[in-house]
Chemist: 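This is the structure, below, for whatever I ask next.
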There are 2 protein chains.
Amino acid sequence: MSSSNISNEALNIFRKGLAQFITFDENEWTEFISYLNYKTVEKKDHFSVKDKVCDDIGFIINGSVRYYHIKDGTEITGYFSFENEFVSSYKSYLTQQPCTGYIQALDKTALIIISSKNMDLMLKNPLLAYKMERFGRLVAEYYICCYEDRITSFITKTPEERYLIMLQTEPEIMQRVPQHYIANFLGITPVSLSRIRKRTLVFA
Amino acid sequence: MSSSNISNEALNIFRKGLAQFITFDENEWTEFISYLNYKTVEKKDHFSVKDKVCDDIGFIINGSVRYYHIKDGTEITGYFSFENEFVSSYKSYLTQQPCTGYIQALDKTALIIISSKNMDLMLKNPLLAYKMERFGRLVAEYYICCYEDRITSFITKTPEERYLIMLQTEPEIMQRVPQHYIANFLGITPVSLSRIRKRTLVFA
DNA sequence: CCAAAACGTTAACAAAAGATAAGAAATTGT
DNA sequence: ACAATTTCTTATCTTTTGTTAACGTTTTGG
C-alpha cells in the first residue's frame, strides 16, 4: 500500500465519476482536491481489516476489491467494487466502529481517498460544507437503493432466481470474479452454485 | 387514510425523534413544520402501494407498519417500522420510480409526513437547505448501516442463527408481529420458522 | 518451466428447507 | 358469545442446500 500525489488523469476520472452525484466549480474543485489522497493497494493486500476502524472511503480509479467476512475459518465474500465505484466499510467509516470484515484488492488497485478526518474538515469548511453534505446525502441514498434491492432479492427470490437475475443484470461481475465469490454473494455455497449452473444450463 | 393539522404533542414527539439526526433553532423549526403534514392510516389500510410512486416519507407517531411484496400470489413481508421510526418505500421516494411492494398499517397508525415535493422545496429554501441536506445525509447513512448489517447476516448466517440473533437484538419486533411475518423477514417460510423454534426451544 | 495453490465440478450422504394439507389455537369482527 | 378468519404447529413428501472429499483443470509464483 502506497500513497502519493494524484495525477491529473486520476483526478479527471474522479471528477467524471462524481458527476453522477455532484459537480464543482473551479474554486470548489481546487479546494476539494486539497483534501484528497491517493493510494495503491497491491493484489491480495487489504484496504481495510477486521477490528480496525475503516478511516477511508475510496474511489476506484482502476482495479477491483472484494469485501469479505471470516466465519468458522472460512472467507465469505459479501460484495465487490470496481472502477468508478466507491469502496469502504461504510458502517465502520460512518460510525467509527471497528470493521467486522476485510476489504481486499482483487487486482492491483488505485484509489482516490477521502479520509474520515478530511471529510469532517470539509463538512466544516464554509466553501465546501453545503456541497459535501449534499454529496454525502446523494451517495448514501444511492447505496440505500442498491441495498434495498439486494435485501428484497434475499427475501423474495430463491438462490437460483438470484443467480439468473445476476447473470442478466451484472454480467460484468460474473465474468470478473471467481465463481465461489459469486456463490457467497448469492448467499449459498460454491458447491450449490455449481449445481445451479448445471441445472439451469445458462452459460453466459 | 386522513390528513389534518398536526397537534403540538405529535410535533414534540417528532422533534425529539429527529434529535438523533439534527436539531433546529426556533426560526428553522417554525419554517420546517410548515412543510409537514399529518396522516392517519387505519389498520390494514395502505401507506403506499405497488406500481405507484411513494411520494411520502413518514415518521410514525404511533402505530406500526409492514412492507411487503407479493410473489406468486403470496405476501412476503420484508420489514417493519414502529413508533419513532421513519417509513417509506425509500427507493421509490428517492428515485420517483413506482413501488415494487406495499406498505400496510399493522395498527391504526399516525404519521408526520414529508412529501417528496415539500422535501424538494425545503432543499431549495435558503433558511433550511443546508440542514435538510445534512438531515437527509444522516438519515440515509443511518439506514445504510442497518441495511449493511442485514445483508451481512444473509451472507454469513444460517436462518436459525438469524432467528436466535433476532430474538436477542429485536425482542420488541418478535413480540409485536405475527410469526409468519418474522419468517419472511428472516428469508424463510413460516413452516420452517416453526421448526426452527421447536429445534432451538428458546421461547422469549 | 515446474510445483504449489486455487478453482470448478461431481458424487454421496446428511441436514435443512420448501410445498401442501390438516388440524388446533388464538384472534377478530359482529 | 360465537362464527369466521388468522395464526401456528405438525406431518408427509419432495427438493434444495450443506458438508466433505475426490479429481481434473487452471492459475500463480518462484
Side-chain angles (χ1 to χ4, degrees), chain A residues 42-45 63-64 66 68-77 80 102 104-108 153-167 173-204, chain B residues 42-45 63-64 66 68-77 80 104-108 153-164 166-167 173-204:
Chain A
E42 294 300 317
K43 183 172 182 174
K44 296 198 179 177
D45 281 355
S64 57
R66 69 176 178 125
Y68 68 94
H69 283 80
I70 292 187
K71 184 186 186 188
D72 303 331
T74 304
E75 297 178 358
I76 300 181
T77 298
F80 314 96
Y102 303 80
Q104 182 189 47
L106 293 169
D107 305 293
K108 178 168 182 172
S153 81
F154 277 116
I155 294 288
T156 63
K157 311 283 184 191
T158 63
E160 181 174 317
E161 288 170 330
R162 290 202 293 279
Y163 167 69
L164 292 172
I165 290 168
M166 196 175 170
L167 265 187
I173 299 186
M174 302 305 273
Q175 287 171 351
R176 284 186 62 172
V177 306
Q179 190 172 308
H180 61 292
Y181 293 165
I182 304 281
N184 294 161
F185 182 85
L186 293 170
I188 57 178
T189 61
V191 176
S192 189
L193 177 55
S194 183
R195 282 186 293 227
I196 287 172
R197 283 165 54 84
K198 190 177 183 185
R199 222 157 58 206
T200 57
L201 285 175
V202 178
F203 301 107
Chain B
E42 294 300 317
K43 183 173 181 173
K44 296 198 178 177
D45 281 355
S64 58
R66 70 177 178 124
Y68 68 93
H69 283 81
I70 292 185
K71 184 185 186 187
D72 303 332
T74 304
E75 297 177 358
I76 300 180
T77 298
F80 314 96
Q104 182 189 47
L106 293 169
D107 306 294
K108 178 169 181 172
S153 82
F154 277 116
I155 294 289
T156 63
K157 311 284 185 192
T158 64
E160 182 172 318
E161 288 169 330
R162 290 202 294 279
Y163 167 68
L164 293 172
M166 196 175 170
L167 265 188
I173 300 185
M174 303 304 274
Q175 287 169 352
R176 284 185 62 172
V177 169
Q179 190 173 306
H180 62 290
Y181 293 166
I182 304 282
N184 294 160
F185 182 85
L186 293 169
I188 58 178
T189 62
V191 175
S192 189
L193 178 55
S194 183
R195 283 186 292 227
I196 287 172
R197 281 165 56 82
K198 190 178 182 184
R199 220 155 62 205
T200 57
L201 284 176
V202 178
F203 302 107

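Chain naming here is simple, since letters A, B, ... match the order of the sequence lines and numbering starts at 1 in each.
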Chemist: Distance check, rounded to the nearest 0.5 Å: A:Leu164 atom CG versus A:Thr158 atom OG1?
Modeler: 8.0 Å

Chemist: Between the two ends of the helix from C:dC1-D:dG30 to C:dT30-D:dA1, what is the bend in degrees, rounded to 10 degrees, where each end axis spans five pairs?
Modeler: 70°

Chemist: With nearest nucleotides of DNA chain D determined for A:Pro190 and B:Ser194 from heavy-atom distances, which residue corresponds to the more 5′ nucleotide?
Modeler: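 The residue closer to the strand's 5' end, by nearest nucleotide, is B:Ser194.
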
Chemist: Please list, chain by chain and in numerical order, all residues satisfying ring-ring contact (aromatic ring centres under 6.0 Å, His included) with B:Phe80, sequence neighbours excluded.
Modeler: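 Partners of B:Phe80 by the ring-ring contact (aromatic ring centres under 6.0 Å, His included) criterion, ordered by chain and then number, come out as B:Phe185.
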
Chemist: Ignoring hydrogens and geometry, is there a side-chain-to-backbone donor-acceptor pair from A:Gln104 to A:Arg66 under 3.5 Å?
Modeler: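 Not at all, since once roles are kept as given, no pair shorter than 3.5 Å links the two residues.
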
Chemist: Measure from CD on B:Glu75 to C1' on D:dT7 and round the result to the nearest Å.
Modeler: 14 Å

Chemist: How close or far is atom C1' of D:dT27 from atom CG of A:Leu106, stated in whole angstroms?
Modeler: 15 Å

Chemist: Quick one: CZ on A:Arg162 to CG on A:Leu193, what's the gap to the nearest 0.5 Å?
Modeler: 11.0 Å

Chemist: Please report the distance, rounded to the nearest Å, between CZ in B:Arg176 and C1' in D:dT7.
Modeler: 18 Å

Chemist: For a quick check, with a 4.0 angstrom heavy-atom cut-off, what is the B/S/- contact string for nucleotides 14-22 of chain C, read 5' to 3'?
Modeler: ---BBBB--

Chemist: Rounding to a whole Å, what distance do you find between A:Lys157:NZ and D:dT16:P?
Modeler: 17 Å

Chemist: Taking only the side-chain nitrogens and oxygens of B:Gln179, find out if one of them lies under 4.0 Å from OP1 or OP2 of D:dT9.
Modeler: yes

Chemist: May I ask you to say what B:Lys44 touches in the nucleic acid, namely base, sugar-phosphate or nothing, with a heavy-atom cut-off under 4.0 Å?
Modeler: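 Touches nothing.
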
Chemist: Residues in ring-ring contact (aromatic ring centres under 6.0 Å, His included) with B:His180, at least two apart?
Modeler: none

Chemist: Please report, rounded to the nearest Å, how far the P atom of C:dG8 is from the CD atom of A:Gln175.
Modeler: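 Going from CD in A:Gln175 over to P in C:dG8 covers 14 Å.
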
Chemist: Test of understanding: with ring-ring contact (aromatic ring centres under 6.0 Å, His included), list the residues that count as partners of B:Phe154, not counting sequence neighbours.
Modeler: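 Once residues adjacent in sequence are excluded, the partners of B:Phe154 under the ring-ring contact (aromatic ring centres under 6.0 Å, His included) criterion are A:Phe154.
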
Chemist: Atom CD of B:Gln104 to atom P of D:dT6: distance rounded to whole Å?
Modeler: 11 Å

Chemist: I need the B:Thr200 OG1 to B:Glu161 CD distance, nearest 0.5 Å.
Modeler: 12.0 Å

Chemist: Among C:dT9, D:dT10, C:dC7, find the nucleotide with the atom closest to the side chain of B:Lys198.
Modeler: D:dT10

Chemist: Measure CZ/A:Arg197 against C1'/D:dT16 and give the value in whole Å, please.
Modeler: 18 Å

Chemist: Roughly, in whole Å, what's the span from CZ in A:Phe154 to P in D:dT17?
Modeler: 13 Å

Chemist: State which residues pass side-chain hydrogen bond (donor to acceptor under 3.5 Å, both in side chains) with A:Lys43; sequence neighbours excluded, sorted by chain then number.
Modeler: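 Checked A:Lys43 against side-chain hydrogen bond (donor to acceptor under 3.5 Å, both in side chains); zero matches.
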
Chemist: May I ask you to evaluate whether A:His180 reaches the phosphate of C:dG8, defined as a side-chain N or O under 4.0 Å from OP1 or OP2?
Modeler: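 Checking A:His180 against C:dG8: at least one side-chain N or O falls below 4.0 Å of OP1 or OP2.
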
Chemist: What's the spacing between A:Asn184 CG and A:His69 NE2 if we round to 0.5 Å?
Modeler: 12.0 Å

